[in-house]
Amino acid sequence: MDFTHSKHNLDFLKDQVSVPFRYDYQYNNSDNLVNGEKGQISIFFNYENNSWKIIMIIQNEHNQSAAKPIYILEKDDGTFSFHGFWESISYKEVSKIICQNPKWLLTKFWEDFIYRMDSLTDSMVEQISKLTFDTATNSAASEQFHRHKERISKSKSDELNIYPWYLKQTAKPINDKRFNRLKSMFGWDVANWLRNEKLNLILTSDITRYHKITINDLERTL
């Protein structure tokens with residue numbers, strides 16, 4: 001999905017209201033999915049070191065929370081690409097809120113999200129402290145981490161690593177297995193860019209290491 005206008009709107013918005021801030025809304029999925037549920041959605045925004053950090057938190061009807069990092073890729077033409085994959089670490093808790101018939105796609109949910117980002121104004125957000133930002137996002141991330149860790153085997157522990165951390169330069173392009181994993185999580189644009197640049201995207205389970213929305217801007221290391 002295209003995130004260009006949303007990115008530009010957020011860049012404009014940070015000049016109108018101090019960061020960090022949050023945006024709250026309720027999403028009712030009953031029209032899109034049989035037995036669809038309502039979810040309370042809070043999106044937390046911070047801007048530090050010339051980069052956005054955006055985390056979506058969804059709370060379901062059973063008071064279970066999920067923390068979803070938002071990440072984009074800047075293309076060569078200056079546009080921004082967004083891939084709405086939802087990680088397995090919290091999919092069970094939010095699937096009835098974000099998915100639609102007939103194939104449990106997420107298209108309508110993410111179209112609604114992008115529309116909201118496109119039209120977000122200063123009157124729609126609440127300014128918060130850095131402490132509130134960190135406490136809320138860290139708490140939701142910790143909850144989903146421990147919940148999912150208890151229900152998976154050690155062989156699937158890599159599922160806990162969902163936050164983009166840094167880029168690692170490689171001698172050869174990433175192999176097909178790594179390419180397919182990154183493609184499923186971040187989209188073809190990201191996986192193809194990484195392969196062409198001979199880079200590997202290193203992921204972490206620690207939300208405090210997630211600092212940048214734009215994957216191209218992540219720190220690079222050998």
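These values consider heavy atoms only, across backbone and side chains, with no hydrogens, waters or symmetry-generated copies. Note that the structure is a prediction, hence the values are computed from the model and not measured.
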Go through the steps for T4 and K7 under the test side chain to side chain contact (heavy atoms under 4.5 Å, CB included), then give the verdict.
CA-CA 5 Å; T4 307; K7 173 66 163 54; 5.9 Å; no

With heavy-atom distances below 4.5 Å as the criterion, would you say the side chains of D189 and K75 are in contact?
yes

Can you tell me how far the CG atom of N9 sits from the NE2 atom of H5, to the nearest 0.5 Å?
6.0 Å

Is it true that L73 and W165 fall in one hydrophobic cluster, defined by side-chain heavy atoms closer than 4.5 Å?
no

A cation-pi test, strictly: NZ or CZ of R116 under 6.0 Å from the centre of the six-membered ring of Y25 and no more than 45 degrees from its axis. Yes or no?
yes

Is there a path of hydrophobic side-chain contacts, each under 4.5 Å between heavy atoms, that joins F85 and L105?
no

CA sep, side-chain torsions, deciding dist, call: I55, K53, side chain to side chain contact (heavy atoms under 4.5 Å, CB included):
CA-CA 7 Å; I55 299 173; K53 180 178 181 178; 3.9 Å; yes

Pair H83, V190 - check side chain to side chain contact (heavy atoms under 4.5 Å, CB included), show working.
CA-CA 9 Å; H83 182 64; V190 170; over 6 Å; no

I want to check something: taking the side chain as every heavy atom from C-beta on, are T208 and Y163 in contact at a cut-off of under 4.5 Å?
no

One should read off an interatomic distance between L201 CG and L218 CG, to the nearest 0.5 angstrom, of 6.5 Å

Let me see the working for L199 and W193 under side chain to side chain contact (heavy atoms under 4.5 Å, CB included), right down to the final yes or no.
CA-CA 8 Å; L199 293 168; W193 176 76; 3.8 Å; yes

Under 4.0 Å between a side-chain nitrogen and a carboxylate oxygen: does that hold for R151 and E93?
yes

Should the pair F113 and W110 be assigned to parallel (<30°), tilted (30 to 60°) or perpendicular (>60°) ring geometry?
perpendicular

Decide whether F12 and I72 are clustered together by the hydrophobic rule: side chain heavy atoms of Ile, Leu, Val, Met, Phe, Trp, Tyr closer than 4.5 Å, transitively.
no

Atom of Q144, atom of S65 and distance for their closest heavy-atom approach
CB-O, 4.0 Å

Give a yes or no on this: more than 12 heavy atoms of other residues, nucleotides or ligands lie within 6.0 Å of atom NZ of K14.
yes

When rounded to the nearest 0.5 Å, the distance separating CD of Q169 from CD of E197 is 8.0 Å

Suppose the criterion is ring pair (Phe, Tyr, Trp, His ring centres under 6.0 Å): which pairs have a residue in residues 33-68, not counting sequence neighbours?
F21-F45, Y47-W52

For T204 and N161, does a side-chain donor sit closer than 3.5 Å to a side-chain acceptor?
no

When you look at CG of D77, are more than 12 heavy atoms from neighbouring residues, nucleotides or ligands closer to it than 6.0 Å?
yes

Would you call T79 and D2 a side-chain contact if the rule is heavy atoms closer than 4.5 Å?
yes

Minimum heavy-atom distance S88-E159, with the two atoms named
OG-OE1, 3.2 Å

d(I54 CD1, I43 CD1) to nearest 0.5 Å is 8.0 Å

Would a 4.5 Å heavy-atom cut-off, applied to side chains only, mark R181 and L203 as touching?
yes

Measuring only between side-chain heavy atoms, which start at C-beta, is K130 closer than 4.5 Å to E48?
yes

Going only through I, L, V, M, F, W and Y residues with side-chain contacts under 4.5 Å, is there a path from L194 to I202?
no

How far apart are the closest heavy atoms of Y91 and W104, and which atoms are they?
OH-CE3, 3.9 Å

Do Y115 and L13 share a hydrophobic cluster (ILVMFWY, side-chain heavy atoms under 4.5 Å, transitive)?
no

Which atom names give the shortest non-hydrogen contact between V94 and A66, and what distance separates them?
CG1-CB, 3.7 Å

To the nearest 0.5 Å, atom CD1 of I207 lies from atom OG1 of T137 at 5.0 Å

Within this structure, what is the CD1-CD distance for the pair I97 and Q26, rounded to the nearest 0.5 Å?
9.5 Å

What are the two closest non-hydrogen atoms of F145 and I89, and how far apart are they?
CA-CD1, 4.0 Å

Under 3.5 Å, is there a donor-acceptor pair between the side chain of N138 and the main chain of D134?
yes

Regarding S51 and N49, do their side chains bring together a donor and an acceptor under 3.5 Å, going by distance alone?
no

Sequence neighbours excluded, every pair satisfying side chain to side chain donor-acceptor pair (under 3.5 Å) that has a member inside residues 210-222
none

To check you understand the geometry: which heavy-atom pair defines the closest contact between N29 and K96, and what is its length?
ND2-O, 3.1 Å

Can you confirm whether more than 12 heavy atoms, excluding those of K108, are under 6.0 Å from its NZ atom?
yes

Under 4.0 Å between a side-chain nitrogen and a carboxylate oxygen: does that hold for E61 and K38?
no

Taking the side chain as C-beta and beyond, is there a heavy-atom pair between W86 and I58 under 4.5 Å?
yes

Would you call F186 and P164 a side-chain contact if the rule is heavy atoms closer than 4.5 Å?
yes

Pairwise side-chain contact, L106 with C99, heavy-atom cut-off 4.5 Å (strictly under):
yes

